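Since the model is a prediction, treat every value here as computed from it, not as a measurement. The chains referred to below are lettered A, B, ... by the order of the sequence lines, with proteins before strands, and numbering in each begins at 1.
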There are 2 protein chains.
Amino acid sequence: MSLVVIGSVAFDALETPFGKTDKIIGGAATYISLSASYSLKPVKLVAVVGDDFPQSDILLLEEHGVDTEGLQIKQGEKSFFWSGVYSKDLNSRETLVTELNVLADFDPIIPDSYQDCKYLMLGNLAPQVQRLVIQRLVNRPKLIVMDTMNFWMDIALEELISTIEMVDVLSINDEEARQLSGEYSLVKAARKILDMGPKYLIIKKGEHGALLFHHNKEGLKIFYAPALPLEEVFDPTGAGDTFAGGFIGYLAATDDISFDNLKRAVIHGSAMASFCVEKFGTERLLNLKPEEIEAREKQFADLVEVVPASAVQTA
Amino acid sequence: MSLVVIGSVAFDALETPFGKTDKIIGGAATYISLSASYSLKPVKLVAVVGDDFPQSDILLLEEHGVDTEGLQIKQGEKSFFWSGVYSKDLNSRETLVTELNVLADFDPIIPDSYQDCKYLMLGNLAPQVQRLVIQRLVNRPKLIVMDTMNFWMDIALEELISTIEMVDVLSINDEEARQLSGEYSLVKAARKILDMGPKYLIIKKGEHGALLFHHNKEGLKIFYAPALPLEEVFDPTGAGDTFAGGFIGYLAATDDISFDNLKRAVIHGSAMASFCVEKFGTERLLNLKPEEIEAREKQFADLVEVVPASAVQTA
């Protein structure tokens, strides 16, 4: 099923307690596309870079099944650049440099060959740009998933809310859910956010896993996906985007948007994110084997597995 | 199976964003005993109070199946008193008053009728007192579970470590696991703590659930019990102790200390804790119905339930 991904393709320079990088390929859409590519190909990318972006990195995306027809290359301009340093416990980070560059006036152009889009992933970007993409698709996709961040809640709340209204699944972290709803309890926050329009809400809690909420006639349904407790977290950059890519990739590949399948997609996304943090940047996402992914998903299932006592007694 | 619980029985004065209490019954052993009493009776209590402790509160414990033969009442002395204020998000609290009173020189006396102890719960207390209880039992219990806190890591680390050596299950929170091990990763922390002696480690993560670790020949086994996302948390006091009481009560009632049964005990303890926080102090623990507990456990099971895709395809 046709999957379109929009978001930033960028340079990152990262420093964690375990080392630092020069400018490496980064950006929400990069992580999303690479992660989704393990579920289905092609992943149709809508993004913008400057002419400083290396052809080799574009080839890298293409080798992973990313269709770059929708990737605009702006001559004489520079790619989006972000640089940050993580705290010793990796739980917080300080932004050193944010250079919007080409992102400042990004006008997302949808190639005709993308108009068959059934699954649309709106990676973190200005909400007005995310909305433009929805508007420029002739037919409304079957499922629209949107990721965003507190930055837009601070400076473009109204635009943000009118974009959230148009999507099926919103994916944010716990602090963002609290900020957006004004509620500390995540259950109350979820009720308020689902009232804004989306059918589903994913609240990402980092090392504590993710919650999937759905409000239907029977009331509020909640699914809790744990995070895999990891021995080493090397670099958390891109984990949320990798999660989102795995999530929508799984849904697009299975073409099933039931709540049960959304749960499976959350587990798959969580498994993909657990790989992402094992190495710097996108490195771990470049050469994953299907059997590694399957084994990781099995670990997630085992992590919460409880054999009911009744099953034991009758055994 | 005979269960002995040691810990504080005390007065608490609590303030949360939802209200405040005068002196009410509190203390680790109170919450542990009440919680365990829903799994089996009697719960044999070892604790100390002053003559200010109301007979009505002792009767309350006895009505819930708590054997108070091991509860010392010190004439002319006052009960342990703790007073605290919770932050608006309930995630932190400030201690206003700690009066050790009778706890300052607590000498735990084990009644003869407690010597059949098979399951021993060491609630948070000075580690030398916890150790004394183990030493005063003629036969080593089948399972010893110990709860402790950062306070003892700060002021009595050596005593603490030599007590931890003697127990089967240690229960602490995530920050305490990090402090005790010097490791930020909870997996690394668990390895180090399990090397100190316990066969099992429970790391409580509050609203993020609990992890159960076990190291055997096959390596490190991990179980992740989610916490139930709650609409309202009224008062977190005693949640950890209620968890511990539910945990050991379940194990004592089923008399099965396999890893599979420990998982079920963690879920039961989590369910009990989720009730505790719904009202002030011990209030919610006083009148629970078996069907309420069962329904809550079912909610925990539903929360993480994923129907495998393969099951769907063959259906």
Side-chain angles (χ1 to χ4, degrees), chain A residues 17 87-91 174 178 183-191 203 205-209 211-213 220-233 250 254 256 258-268 297-309 311-313, chain B residues 17 87-91 174 178 183-191 203 205-209 211-213 220-233 250 254 256 258-268 297-309 311-313:
Chain A
S87 63
K88 212 186 141 199
D89 63 14
L90 296 173
N91 263 352
D174 43 0
R178 287 175 172 137
E183 293 286 351
Y184 184 81
S185 152
L186 294 180
V187 179
K188 286 190 178 177
R191 285 190 198 281
I203 298 183
K205 307 201 300 170
E207 62 162 326
H208 304 300
L211 293 165
L212 170 66
F213 294 91
L220 189 69
K221 288 160 84 175
I222 311 178
F223 172 62
Y224 193 132
L228 200 65
L230 295 170
E231 197 112 2
E232 297 276 13
V233 172
Y250 186 94
T254 53
D256 169 0
S258 66
F259 188 60
D260 277 336
N261 205 49
L262 262 72
K263 290 182 184 182
R264 292 189 282 266
V266 167
I267 296 291
H268 176 75
E297 287 175 339
K298 174 81 166 58
Q299 277 184 281
F300 274 82
D302 290 348
L303 198 58
V304 297
E305 202 206 0
V306 183
V307 182
V312 178
Q313 280 155 14
Chain B
S87 64
K88 211 184 143 202
D89 64 14
L90 296 172
N91 263 351
D174 44 1
R178 287 173 171 137
E183 293 286 350
Y184 185 80
S185 152
L186 294 180
V187 179
K188 285 191 178 174
R191 285 191 199 283
I203 299 183
K205 307 201 299 169
E207 62 162 327
H208 303 300
L211 293 165
L212 170 66
F213 293 92
L220 188 68
K221 290 160 85 175
I222 311 179
F223 172 62
Y224 193 133
L228 199 65
L230 294 170
E231 198 111 1
E232 297 276 14
V233 172
Y250 186 93
T254 53
D256 169 1
S258 66
F259 188 59
D260 276 336
N261 205 49
L262 261 71
K263 290 181 183 182
R264 292 190 282 267
V266 167
I267 296 291
H268 175 76
E297 287 175 339
K298 174 80 167 56
Q299 277 185 279
F300 274 83
D302 290 348
L303 197 59
V304 297
E305 203 205 0
V306 183
V307 182
V312 178
Q313 280 155 13

Here the gap from K188(B) atom NZ to E232(A) atom CD, rounded to the nearest 0.5 Å, amounts to 3.5 Å
Distance in Å, D302(A) CG paired with I222(B) CD1, rounded so as to fall on 0.5 Å steps
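Atom-to-atom, D302(A):CG and I222(B):CD1 are 11.0 Å apart.
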Examine whether an atom of [X] lies under 4.5 Å from a heavy atom of chain B, and if so say whether it belongs to the side chain, the backbone or both; otherwise answer neither.
X       : answer
F259(A) : neither
A227(A) : backbone
L228(A) : neither
E207(A) : both

Main-chain N/O of [Y] paired with [X] side-chain donor or acceptor, under 3.5 Å:
X       : Y       : answer
K263(A) : E305(B) : yes
Y224(A) : F300(B) : no
S185(B) : L230(A) : yes

For the pair Y184(B) and V233(A), evaluate side-chain contact (heavy atoms from CB on, under 4.5 Å) and give the outcome as yes or no after the intermediate values.
CA-CA 10 Å; Y184(B) 185 80; V233(A) 172; over 6 Å; no
Compare all side-chain heavy atoms of P229(B) with those of L186(A) and state whether any distance is below 4.5 angstrom.
no
Looking at R178(B), K221(B), R191(B), K88(B), which one has more heavy-atom pairs under 4.5 Å with chain A than the rest?
R191(B)
Please report the shortest heavy-atom distance between L303(B) and F223(A), naming the atom on each side.
O-CD1, 3.2 Å
